[in-house]
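The sequence lines fix the lettering, A, B, ..., with proteins before strands; numbering per chain opens at 1. What's counted below: heavy atoms across the whole structure, side chains too, no hydrogens, waters or symmetry copies.
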Amino acid sequence: MTKLIENMNENQKKAILTTEGPLMIIAGAGSGKTRVITQRIAYLIYEKKVYENNILAITFTNKAAKEMKERIYNIVGETSKYIWINTFHSMCVRILREHIENLGYNKNFTILDSSEQKSIIKNILKNLNYSENDYEPKSILKIISNSKNEYKKAKDVAEASRFGFMKVVAEVYSEYEKYLKKNAVLDFDDLLIKVIELFEKYPEILAIYQNKFKYIHVDEYQDTNLIQYKLITMLAALHNNICIVGDDDQSIYSWRGACIDNIKNFEKDFKNVEVVFLDQNYRSNSIILTAANSVIKNNVDRKDKNLWSENKGGSKINLYHAFNDLDEAENISRKIKSLVKTGKEYKDIAILYRANYLSRTLENLLLTNSIPYKIIGSLKFLQRQEVKDLLSYINVLVNNNDELSLRRIINVPRRGIGQGALEKIENYMAINNTTMYNTLANIEKVGLSKKSVKDLQSLYNTFEKYSDGDNFSIDQIIMGIYVDSGYEEMLKNSKDEYSESRMENISELVTSAKEYSEINNNIMDYITEMSLASDSDDENLDNAVTLSTIHASKGLEYDTVFIVALEENIFPSVMNSDDLTDEQNKMEEERRLAYVAITRAKNNLYLSNANRRMQFGNTKFNEISRFIKEIPEDLLLEERSLQLSSLNKINSDNNNITYISKYSPKIKEKKLSKAYNFNIYDKVSHKKFGKGIVKNIIEDSIIIKFEEYGEKTLLLEYANLIKE
DNA sequence: ACTGTTCGATTTTTT
DNA sequence: ATCGAACAGT
């Protein structure tokens, strides 16, 4: 026992030793929370003599699950495989494969990804004779997903909304559910919902898991949504030994349904909750921590806490005022080069940004400067067309009813199945009341062209050949289908410039399948894991600078971090979000995002903003981010671009440039001249042309749409505009 | 069924 | 500016 809590601070020890009853661990960034969870589980096993299979640990990402598995394996060894360490979704699949037949589903169900969801919605709209223009598939899908996560079924939505847009949504929702059931597919939300449904209908099944999971852990608890909360509440109801680990300051996914109130509700819904704060940070030096603390303390709605570090000192935070985005990127390239010269490695360095499009300029410059980089969350391997095609074949193989996957590949490679042929097939299916897959078995009766019949028979034979998975390893199945289906031939004959790399991707897929099959040669498990996987999972061992959105960087740490584009309207971002959560909440989430970004850095932090920036093809001017202003000045080492100082000389009589943005709290009516003081959409008035709205600002010109005179381009210097 | 062209959107996205 | 999806024409 002493070993397990050796080198732990008092609060960490308390978190590990408090095993009975509900426990809430509020773990600040870099406070060693993963270590605490793993040690706690080890403690349960070694000291409390808890069986491995009575322990459950839930994470959000596959990556976190994998990491936790490895760490626990290192302490506990072989028997650690009996601990359920899962993401919410993989845990649910595991339960559903066992019991979903009770709900009338085939246990071989396959899992939809979001692009497939969208195409289903489109299809349904078409069948119901609604136009995609009037009813945007994306928003419908979002409402359906939100409804599901609020545990509202199609009929609940239908009852609540009998008119207008929501009525259509309800109709689509209902059709969507039917379609999923018919095809024996579940979407991501379903995985959780069906488990709850199962537990509610069959208390004896719930009891199995309640009895089994005597000790439950939930990581990244601040990101749970209502359904997930409900699920863990149900599971923990019997033994009441539930340990949640989270940090309200790092909740950055509320726009995705994460419910920060779950932290507050936990203390209400469970009795006698023990709360432990982990506030000692082992990651960053105290300058970086002070900066992070001084930013986050501007949030009102949070548990008050202050991270501290024994790692005193450190160098000041570098703040670079760039002229434009190019200048910003050049500065970073320069800095990276000199950092590398002084002994840092590329992989110690990360560049973080608020939105993906901000990576473009950076990429270009890193490329021209021959600085190796990798982008987290760029085009995902599993999203690639050829990979998805092959996996669709596998989906059909394990789930013959998965018509969606079958449709995807029925004409890839070409088998002469266009719209006409499909209609004939559908016709046959309707008359004979059979599935598309079964139709393939009798395809000669459908009345297609000779070649199509032959090709589809061959397709059917391919499926049948590999349908008894026991005779083949997974990689053999994939490779076999790849060759037998004619996919390989198609790529070989293709003149497409990408076909080469497509073939490489397939071979990568086969290689990884081979590795998988050596551990577990179960094609169903394989396809499940692939459906639940995202590619940030595979770690990249290259020595390269990391480019990432701040969201995707959560949970990671780097010696040196650059945060770019710290400008109002970008970060914090202007959000014309469709939900009506209030401004305050949105701003606080932006601030949490800033907090997450800053706390990724261990030793060196570089911030930058640009005076002007190309956005969507236009030059825009944004004020420096409020988050920079929230950092005490004495922590900052400021640098200004030379280009910027020459700009300032031109406007030397206007040192006190006031930028104006949507979010500036104190916008004063002010007479402005010469300086670049306007933002797009600002209302202005002009002596001669009267009132208008700023449409664009390019270099020293401003384009304004005047109410009476229409669009005019004026020189900023002489325009003499007055801001309304 | 394939190809070229226009039009439109464009924050984040653990599963 | 840029990428993709929708649409129209061959």
Side-chain angles (χ1 to χ4, degrees), chain A residues 58-67 86-93 111-115 117-119 122 131-133 136-138 141-142 145 148-149 186-192 219-225 227-228 250-258 325 352-361 364 376-380 382-383 411-412 414-422 496 528-537 548-556 565 569-578 586 589-590 592-594 596-597 613-620:
Chain A
I58 304 175
T59 63
F60 271 81
T61 63
N62 295 308
K63 194 173 154 192
K66 192 174 155 205
E67 192 189 335
N86 284 106
T87 64
F88 268 106
H89 293 83
S90 69
M91 170 180 79
C92 288
V93 172
I111 300 159
L112 277 183
D113 80 8
S114 43
S115 62
Q117 284 182 295
K118 211 167 138 199
S119 81
K122 282 183 182 175
S131 152
E132 265 181 49
N133 302 322
E136 208 190 354
K138 214 170 102 191
L141 204 50
K142 197 169 173 192
S145 175
K148 285 190 176 188
N149 284 312
L186 299 184
D187 65 22
F188 285 129
D189 300 321
D190 284 337
L191 298 176
L192 295 141
D219 195 9
E220 303 283 13
Y221 178 79
Q222 75 282 351
D223 291 332
T224 49
N225 64 25
I227 282 283
Q228 290 159 341
Q250 290 188 72
S251 161
I252 55 175
Y253 282 105
S254 75
W255 49 275
R256 249 182 148 253
D325 46 342
L352 307 182
Y353 34 82
R354 174 66 238 267
N356 277 313
Y357 72 89
L358 295 164
S359 74
R360 274 192 212 139
T361 319
N364 286 339
I376 295 188
S378 58
L379 185 61
K380 304 183 172 175
L382 294 166
Q383 309 257 38
N411 203 33
V412 187
R414 300 262 136 75
R415 299 184 179 93
I417 310 299
Q419 206 176 342
L422 261 183
D496 192 313
T528 299
E529 196 158 310
M530 287 319 218
S531 306
L532 297 178
S534 79
D535 303 87
S536 40
D537 301 346
S548 171
T549 63
I550 298 164
H551 283 92
S553 76
K554 196 169 124 200
L556 304 174
N569 299 336
I570 294 178
F571 190 19
S573 131
V574 221
M575 291 165 289
N576 342 315
S577 157
D578 18 277
K586 285 187 210 158
E589 179 140 328
E590 291 292 308
R592 291 193 290 270
L593 204 49
V596 169
R613 179 181 299 278
M614 279 293 254
Q615 269 180 287
F616 311 132
N618 296 323
T619 303
K620 300 208 179 168

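- Side-chain atoms of A:Phe188 lie closest to B:dT15 of the nucleotides B:dT12, B:dT13, B:dT15.
- Straight-line distance from the CZ atom of A:Arg414 to the P atom of B:dA1: 9 Å, rounded to whole Å.
- Residue A:Lys122 is in sugar-phosphate contact alone, with no base atom involved, counting any heavy-atom pair closer than 4.0 Å across all strands shown.
- The residues A:Lys586 and A:Glu589 are annotated as not salt-bridged, no charged nitrogen and carboxylate oxygen being separated by less than 4.0 angstrom.
- Taking the nucleotide of DNA chain B with the nearest heavy atom to each of A:Lys138 and A:Asp223, the more 5' of the two is matched to A:Lys138.
- Distance from the side chain of A:His551 is smallest for B:dT12 among the nucleotides B:dT15, C:dA1, B:dT12.
- Remark: side-chain polar atoms of A:His89 are not paired, donor with acceptor, to backbone N or O of A:Leu191 under 3.5 angstrom.
- The closest donor-acceptor contact from the side chain of A:Arg592 to the backbone of A:Ser251 lies under 3.5 Å.
- Remark: A:Arg613 pairs with A:Glu328, A:Glu567 by the side-chain hydrogen bond (donor to acceptor under 3.5 Å, both in side chains) rule, at least two apart or across chains.
- The aromatic ring of A:Trp255 is stacked on the base of B:dT12, with the two ring centres less than 5.5 Å apart and the planes inclined by under 30°.
- At the heavy-atom level, A:Tyr253 lies under 4.0 Å from base atoms of the strands shown.
- Of the candidate nucleotides B:dT14, B:dT15, C:dT2, C:dT2 has the atom nearest to the side chain of A:Arg360.
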